[in-house]
2 protein chains.
Amino acid sequence: MSLDSKIDRDRIQRRQNREDLNVFSRLPAVYSTSRKQGQQLLQIGGGLSIVEWRTLWDLHEAGPMTIRDLSTIQRTDHSLLSRALPDMKRKGYVRMERSEEDGRQTIVELTDEGRSAYETAAPIMARRRAALRERFSDEEIRTFTGFLDRFEEFLQIPVDQILNQETAE
Amino acid sequence: MSLDSKIDRDRIQRRQNREDLNVFSRLPAVYSTSRKQGQQLLQIGGGLSIVEWRTLWDLHEAGPMTIRDLSTIQRTDHSLLSRALPDMKRKGYVRMERSEEDGRQTIVELTDEGRSAYETAAPIMARRRAALRERFSDEEIRTFTGFLDRFEEFLQIPVDQILNQETAE
DNA sequence: AAAAATTACGTGACAAGTCATATAATTTCT
DNA sequence: AGAAATTATATGACTTGTCACGTAATTTTT
């Protein structure tokens with residue numbers, strides 16, 4: 001019997017419908033589509049990368065800070081910044097200086113050129129957030145991010161603890 | 001003046017709090033933490049990669065299907081599968097066969113060995129979903145995925161349409 | 001004060017995604 | 001039927017993200 005005849009369209013469809021309710025499965029697609037949209041908008045707004053945009057934005061909003069601060073705000077690994085910053089410095093977007101108080105830290109500060117790059121991208125990115133707010137009320141955003149909070153709490157649970165709860169089922 | 005003294009801890013903290021409500025900013029971290037958790041569990045459950053797990057799971061649940069079907073269910077680019085499948089075939093997890101009905105398609109089917117790899121990982125991954133259900137009711141999961149639906153709808157909107165709605169603000 | 005632990009950062013290696021482009025097969029249009 | 005468009009897959013190039021490990025600086029312990 002050929003494999004063709006073994007394909008069960010209905011069953012495949014049901015599988016897909018089922019997976020629509022699986023948060024773990026949906027996250028990758030939602031994330032990557034969101035990222036894609038961000039990249040497109042940044043392309044229009046001067047060609048910054050996502051990491052660059054986040055960094056300029058943070059520095060603009062909160063002033064000079066360390067690499068650790070940036071990675072904390074952005075909720076990413078510091079290595080992402082470690083790699084992006086020298087490039088950004090070369091482009092003239094930021095200044096970097098070893099901290100006098102703590103020689104391990106590097107303090108990053110926006111330059112005028114960085115500010116100007118920020119200002120090119122900012123209105124477009126603001127438009128995006130506004131467009132989202134046209135579709136989600138403040139209340140809904142809080143509910144949505146509340147779910148993200150709870151989901152993140154779940155993800156914090158150590159793996160062995162998850163596995164040892166079989167009884168609770 | 002040294003850069004150290006220009007650091008404003010309070011302002012940085014406020015920035016961070018603000019970003020906690022920004023869905024666009026939160027998604028990357030939530031996604032990658034979820035992925036990390038998945039990878040850890042798979043490591044324990046036999047060492048499958050995420051793509052491999054998803055594929056074995058889908059084939060187990062819905063029977064043989066094409067690469068396109070797999071990528072649709074998994075909501076990812078087909079290239080991910082295109083690259084993973086030859087490896088999975090080499091490991092003996094799947095069979096691949098050109099479709100007789102449509103010579104462009106490749107039909108993928110689970111082998112016994114693939115089934116056995118699936119069965120090693122499955123209980124662990126099921127435990128994870130159960131652990132989630134202990135913290136989110138069915139109702140809440142539906143609300144959560146409902147938000148994901150709406151957010152994805154938003155992401156579907158063409159970029160130029162988002163930018164041209166400035167009036168609506 | 002010396003030793004041990006922690007923290008900040010840099011860097012190499014890897015996974016999971018994307019897109020763009022190429023090719024072959026199928027379908028649609030004229 | 002032939003031409004044109006579409007679809008399925010493969011593959012190269014790239015981004016975002018992780019982790020692990022190394023080094024230097026700081027903090028904590030003894």
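These numbers come from a predicted model, not from an experiment. In what follows, chains carry the letters A, B, and so on, assigned in the order in which the sequence lines appear, proteins first and then strands, with residues in each chain numbered from 1.
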(message) Testing A:Trp57, A:Tyr93, A:Tyr118 one by one against A:Leu48 for a side chain to side chain contact (heavy atoms under 4.5 Å, CB included), which residue passes?
(response)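 Only one option passes, and that is A:Tyr93.
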Taking [atom1] in [X] as the centre, count heavy atoms belonging to other residues, nucleotides or ligands within less than 6.0 Å. Is the count above 12?
| X | atom1 | answer |
| --- | --- | --- |
| A:Asp160 | CG | yes |
| A:Arg11 | CZ | yes |
| A:Asn17 | CG | yes |

(message) I need the B:Ile107 CD1 to A:Asp4 CG distance, nearest 0.5 Å.
(response)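 Output value for this atom pair is 3.5 Å.
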(message) Working to the nearest 0.5 angstrom, can you tell me the gap between B:Glu97 CD and B:Glu100 CD?
(response)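 Here the rounded value is 7.0 Å.
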Interatomic distance where [atom1] belongs to [X] and [atom2] belongs to [N] [whole Å]:
| X | N | atom1 | atom2 | result |
| --- | --- | --- | --- | --- |
| A:Ile50 | C:dC19 | CD1 | P | 12 Å |
| A:Ile7 | D:dA8 | CD1 | P | 12 Å |
| B:Glu52 | C:dA16 | CD | C1' | 13 Å |

(request) Using heavy atoms to find the nearest nucleotide of DNA chain C for A:Gln105 and B:Arg104 separately, return the residue whose nucleotide is more 5′. (result)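 Nearer the 5' end of the strand: A:Gln105.
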(request) Taking only heavy atoms on the protein side, list every residue of residues 11-46 of chain B lying under 4.0 Å from any atom of DNA chain D, sorted numerically. (result)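 Going residue by residue through residues 11-46 of chain B, the ones with a heavy atom under 4.0 Å of DNA chain D turn out to be B:Pro28, B:Ser32, B:Lys36.
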(message) Let's see if you get this right: which residues in residues 56-90 of chain B place a heavy atom under 4.0 Å from DNA chain D?
(response)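 Heavy-atom cutoff 4.0 Å gives B:Thr66, B:Ile67, B:Arg68, B:His78, B:Ser79, B:Ser82, B:Arg83.
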(message) For the residue pair A:Gln105 / A:Thr66, report whether a side-chain donor-acceptor contact shorter than 3.5 Å exists.
(response)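 The criterion, which ignores hydrogens and geometry beyond distance, is not satisfied for A:Gln105 and A:Thr66.
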(request) Verify, without hydrogens or angle tests, whether B:Arg135 (side chain) and B:Ala131 (backbone) share a donor-acceptor contact under 3.5 angstrom. (result)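 Confirmed, B:Arg135 side chain pairs with B:Ala131 backbone.
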